[in-house]
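Scroll down for the structure; my scribbles are underneath it.
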Amino acid sequence: MKLELYKFDGCPYCQRVMRAIQQSGRTDVEYHDIQKNPEDYRRLLEVGGIDQAPCLFIDGKPMYESADIIAWLTAHPQE
Ligand SMILES: N[C@@H](CCC(=O)N[C@@H](CS)C(=O)NCC(=O)O)C(=O)O
């Protein structure tokens, strides 16, 4: 399963998700900074359709909302 987090560092909701990822011990999340990388920003808009971070792509399918992302990560521990 491919997990990609679209985020930027000044975003408190992104920080909350990244903290949850760190605390869970997960090592399988790829980070995409939408402020530092214009291509990542474009992909977020193209695939996600909403200009909002954080967004977790789960096998290419976008999930918005930090609470939903954290709940999903909790329910799906790294194998
Ligand atoms: N309810 C959302 C809020 C996310 C949010 O407001 N993110 C801000 C950055 S901190 C954002 O992307 N704002 C841009 C926009 O909404 O257009 C969550 O919990 O993930």
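Atoms within a ligand are numbered from 1 in the order they appear, just like the ligands themselves.
Shown here is Tyr64, whose OH atom has more than 12 heavy atoms of other residues, nucleotides or ligands within 6.0 Å.
At the top of the distance list for atom 1 (N) of ligand 1, counting protein heavy atoms only, stands Glu65 OE1, 2.6 Å. For atom 16 (O) of ligand 1, the nearest protein heavy atom (residue, atom name, distance) is Asp51 O, 3.7 Å. The shortest contact between atom 6 (O) of ligand 1 and any protein heavy atom is with Tyr13 CE1, 3.6 Å.
A heavy-atom separation below 4.0 Å is not found between Tyr64 and ligand 1.
Minimum interatomic distance between Pro54 and Leu5 (heavy atoms only, all atoms of both residues): CB-CD1, 4.0 Å. Annotation for Leu73 and Leu3: closest pair CD2-CD1, 4.4 Å, computed over non-hydrogen atoms.
Within the 4.5 Å cutoff, the side chain of Asp9 has heavy atoms near those of the Lys36 side chain. A heavy-atom distance below 4.5 Å is found between the side chains of Tyr31 and Ile21.
By the 3.5 Å distance cut-off applied to N or O atoms, Ser66 is counted among the residues near ligand 1.
Short contacts between ligand 1 and Cys11, defined as distances under 4.0 Å to a heavy atom of the residue, involve ligand atoms 9 (C), 10 (S). For ligand 1, the atoms sitting less than 4.0 Å from at least one non-hydrogen atom of Phe8 are 9 (C), numbered in the order shown with element in parentheses. Residue-ligand proximity, Pro54 to ligand 1, at heavy-atom distances under 4.0 Å covers atoms 20 (O). The Pro12 neighbourhood of ligand 1 comprises atoms 10 (S), with distances under 4.0 Å to a heavy atom of that residue.
For atom 4 (C) of ligand 1, the choice among Cys55, Ala53, Cys14 with the nearest heavy atom turns out to be Ala53.
In this structure, a donor-acceptor pair under 3.5 Å is absent between the side chains of Ser24 and Gln78.
With hydrogens and angles disregarded, no donor-acceptor distance shorter than 3.5 Å links the side chain of Asn37 to the backbone of Glu39.
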